[in-house]
A.B. asks: 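The following block contains the structure, expressed as structure tokens.
Predicted model only: the values in this text are computed from it and were never measured. Residues take their numbers from the sequence shown, with the count starting at 1.
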Amino acid sequence: MLKELDKILGPVANSLSKNKVLSAIRDGFMVSVPVVIVGSLFLLISNFPISGYEEFMARIFGPTWSEFLGRVTAVAFDCVSLMSTLAIGYCYAAELKLTNKIAAALVALVSFLIVTPQTHLTHVNEAGKAFRGFSFGNFGTAGIFLSMIIAIISVAIFSWAYKRKLVIKLPDGVPPAVMDSFAALIPAAIVMIIFFFVGIIFNATSYGYAHSFIYEVLQAPLVGLGKNKLFEVIYQFLSTLFWFFGINGPAVTNTIFAPIHKALTLENYEAAKAGLAMTNMFTAGFSDFFCNFGGGGSTLGLVIMMAFIGKSNRIKMLGRLSLPAGIFGINEPIIFGLPIVLNPIMLVPFILTPVVNTVLAIIATTIGFVPITSGVQLPWTMPIFFSGYLISGSFTAVILQAVLLIVDMLLYFPFLKLLDNKYLEEEKANADKKDELDDLSFDDLTV
């Protein structure tokens, strides 16, 4: 059965991981992660979940202290579509082996701006003139799927023109930077002209702009899918199933699920910023800090038991060596060292545990035991308990994490005992063989 599953899942995972478009989208989002995390830290500082904190800070730094922090937060979150366009464009140019990757990424960014609304009829001054300029609203969550599409299409066109030698060639001896800029001139012009007409075409439709079309036709339905109760369960199941076969599960599934997680998280941030209730349950924080502890398969509970109640030397030593990394969400030593990969004994708890965590966390959130996670994005390596409080601002989230950790240990315990006893028997058998070899003597040999 395992071999049959491997035959099915292996090619699927391989094709997804090698798909240039999906890889560029995944890697492009990863490029923006440091900026978003830093912005989240500023958001956390300005809205630290302790009673009386804001008044205390206002007495020290003045009543407008949070506005300065908000500048960093606004740029990090409200410009996420701009960052995504640039980063995905660059990563796709790298996938296509373009030499001038930065030029391709800049053309993608300019193309995004060309189709972005610059006149806002809803904002008119006393003279009756509409506001002209870019709105942060189009650079945030609402434009994230459009940014992916434009980055891929614009770079693909740029690459097509570049590789067909539609470039201006300068004589030898010209500095490389000058040569590269002129070589990119015609490909950039082709891309920009195409998106110029794309913008005009959308202006002639009932949608008005490409942003409205993509949001209503593509992004809103996908985000709606992300609000379905089965969304996170399916994500956790697939991610763990791939890990069981030695394939980095999130690296495969995030090519599809990460944009939806990101959009849901940013929507919560925007709601909180506007003083509205946050409604999206399945944010990146929910996935990272309620569904998995210690890495894929939620193996932190397993590692703790290995380190402290394991009987065999192999289990005990591996648990103690893996525990520090497991606290920070890294579990490759367990995945490949225990091993969990293709180990039929560990198949059931490894796949079942994250799913159970997800279902229990959904129930806890639905009944109001824990609040919906905020738009703050913490590093996925944030240790358990700290992460629960920071992502929700409530100690009930810490209690939920503690309960889930205990549940994880109960799920893993019988299977760990089976494996531990198996390794213990192997160690005793090896020790007996060693004793037999030690008892041998050359004096027993006769000629």
A.B. asks: Which heavy atom of Ala161 sits nearest to which heavy atom of Ile190, and what is that distance?
C.D. replies: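 Of all heavy-atom pairs spanning Ala161 and Ile190, the closest is CB-CD1, 4.0 Å.
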A.B. asks: I'd like to know whether CE of Met409 has more than 12 heavy-atom contacts from other residues, nucleotides or ligands below 6.0 angstrom.
C.D. replies: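 Above 12, so yes.
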A.B. asks: Nearest heavy-atom pair of Ala108 and Ile150: which atoms, and what distance?
C.D. replies: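 Smallest heavy-atom distance, with atoms named: O-CG2, 3.8 Å.
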A.B. asks: Report yes or no: does Ser81 contribute a side-chain atom to a donor-acceptor pair with the main-chain N or O of Ile144 at less than 3.5 Å?
C.D. replies: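 Yes, Ser81 side chain to Ile144 backbone: donor-acceptor pair under 3.5 Å.
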A.B. asks: Identify which one of Phe213, Tyr209, Tyr207, Phe196 satisfies the ring-ring contact (aromatic ring centres under 6.0 Å, His included) criterion when paired with Phe202.
C.D. replies: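 So the option named by the test is Phe213.
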A.B. asks: Side-chain contact, heavy-atom cut-off 4.5 Å: Val107 with Pro187?
C.D. replies: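 Of all side-chain heavy-atom pairs linking Pro187 with Val107, none is under 4.5 Å.
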A.B. asks: Looking at Glu95 and Ala24, would you say the former's side chain and the latter's main chain have a donor-acceptor pair under 3.5 Å?
C.D. replies: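 No; zero donor-acceptor contacts below 3.5 Å.
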A.B. asks: Going by atom types alone, do Tyr235 and Asn254 pair a side-chain donor with an acceptor below 3.5 Å?
C.D. replies: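 There is such a pair (donor and acceptor under 3.5 Å, judged by atom type) between the side chains of Tyr235 and Asn254.
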A.B. asks: Spell out, as yes or no, whether a donor-acceptor pair under 3.5 Å connects the side chain of Ser239 to the backbone of Gln236.
C.D. replies: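 No; judged by distance alone, with no hydrogens or angles, the pair does not exist.
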A.B. asks: Can you tell me if Glu232 uses its side chain to pair, donor with acceptor, with the backbone of Thr358 under 3.5 Å?
C.D. replies: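 A pair under 3.5 Å: no.
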A.B. asks: Would you call the rings of Phe290 and Phe286 parallel, tilted or perpendicular if under 30° counts as parallel and over 60° as perpendicular?
C.D. replies: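 Taking Phe286 first and then Phe290, their aromatic rings stand perpendicular (interplane angle over 60°).
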A.B. asks: Is a side-chain N or O of Thr299 found less than 3.5 angstrom from the main chain of Gly294, in a donor-acceptor match?
C.D. replies: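 Such a contact is found between Thr299 side chain and Gly294 backbone.
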A.B. asks: Can you confirm whether Ser287 sits close enough to Phe282 that some side-chain heavy atom of one is under 4.5 Å from a side-chain heavy atom of the other?
C.D. replies: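 The answer is no, as the side chains (C-beta and beyond) never meet within the 4.5 Å cut-off.
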A.B. asks: Is a side-chain N or O of Ser181 found less than 3.5 angstrom from the main chain of Val178, in a donor-acceptor match?
C.D. replies: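 Checking the backbone N and O of Val178 against the side chain of Ser181, a donor-acceptor pair under 3.5 Å is found.
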A.B. asks: Do other residues, nucleotides or ligands put more than 12 heavy atoms under 6.0 Å from Lys163 NZ?
C.D. replies: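 Atom NZ in Lys163 is packed in, count exceeds 12.
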A.B. asks: Does Leu146 form a side-chain contact (heavy atoms from CB on, under 4.5 Å) with Tyr215? I'd like the steps, not just the answer.
C.D. replies: CA-CA 8 Å; Leu146 181 64; Tyr215 186 82; over 6 Å; no
A.B. asks: Tell me whether Ser23 contacts the main-chain N or O of Asn19 through its side chain, where contact means a donor paired with an acceptor under 3.5 Å.
C.D. replies: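 The answer is yes, because a donor-acceptor pair under 3.5 Å joins these two groups.
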A.B. asks: Among Thr353, Val356, Ile304, find the residue that satisfies the side-chain contact (heavy atoms from CB on, under 4.5 Å) test when tested with Asp408.
C.D. replies: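 One option only clears the test, and that one is Thr353.
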A.B. asks: If you apply the rule side-chain contact (heavy atoms from CB on, under 4.5 Å), what do you find for Ile362 with Val233, and how did you get there?
C.D. replies: CA-CA 10 Å; Ile362 290 172; Val233 174; 4.3 Å; yes
A.B. asks: Taking Ser32 for its side chain and Met83 for its backbone only, find out whether a donor-acceptor pair lies under 3.5 Å.
C.D. replies: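 Between the backbone of Met83 and the side chain of Ser32 there is no qualifying donor-acceptor contact (under 3.5 Å).
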A.B. asks: Considering all heavy atoms of both residues, which atom of Val217 and which atom of Pro221 are nearest to each other, and what is their separation?
C.D. replies: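 Where Val217 meets Pro221 most closely, the heavy atoms are O-CG, 3.3 Å.
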A.B. asks: Is it the case that Thr283 and Asn268 place a side-chain donor and acceptor less than 3.5 Å from each other?
C.D. replies: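 Result is no, nothing qualifies.
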A.B. asks: Go through the steps for Ser374 and Met278 under the test side-chain contact (heavy atoms from CB on, under 4.5 Å), then give the verdict.
C.D. replies: CA-CA 7 Å; Ser374 65; Met278 296 180 292; 4.1 Å; yes
A.B. asks: Does either side chain, that of Asn138 or that of Thr116, offer a donor lying less than 3.5 Å from an acceptor on the other one?
C.D. replies: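 There is no such pair (donor and acceptor under 3.5 Å, judged by atom type) between the side chains of Asn138 and Thr116.
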A.B. asks: Quick check against the 3.5 Å criterion: does Ser154 have a side-chain atom that pairs as donor or acceptor with the backbone of Ala151?
C.D. replies: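 Yes: the side chain of Ser154 pairs with the backbone of Ala151.
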A.B. asks: Between Ser387 and Asp288, does the side-chain contact (heavy atoms from CB on, under 4.5 Å) criterion hold? Intermediate values first, please.
C.D. replies: CA-CA 9 Å; Ser387 59; Asp288 289 339; over 6 Å; no
A.B. asks: What class does the angle between the rings of Phe257 and Phe231 fall in, given that below 30° is parallel, 30 to 60° is tilted and above 60° is perpendicular?
C.D. replies: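 Correct class here is tilted.
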A.B. asks: Classify the side-chain pair Ser394/Thr396 by whether it contains a donor and acceptor separated by less than 3.5 Å.
C.D. replies: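 Per modelled atom types, Ser394 and Thr396 side chains form a pair under 3.5 Å.
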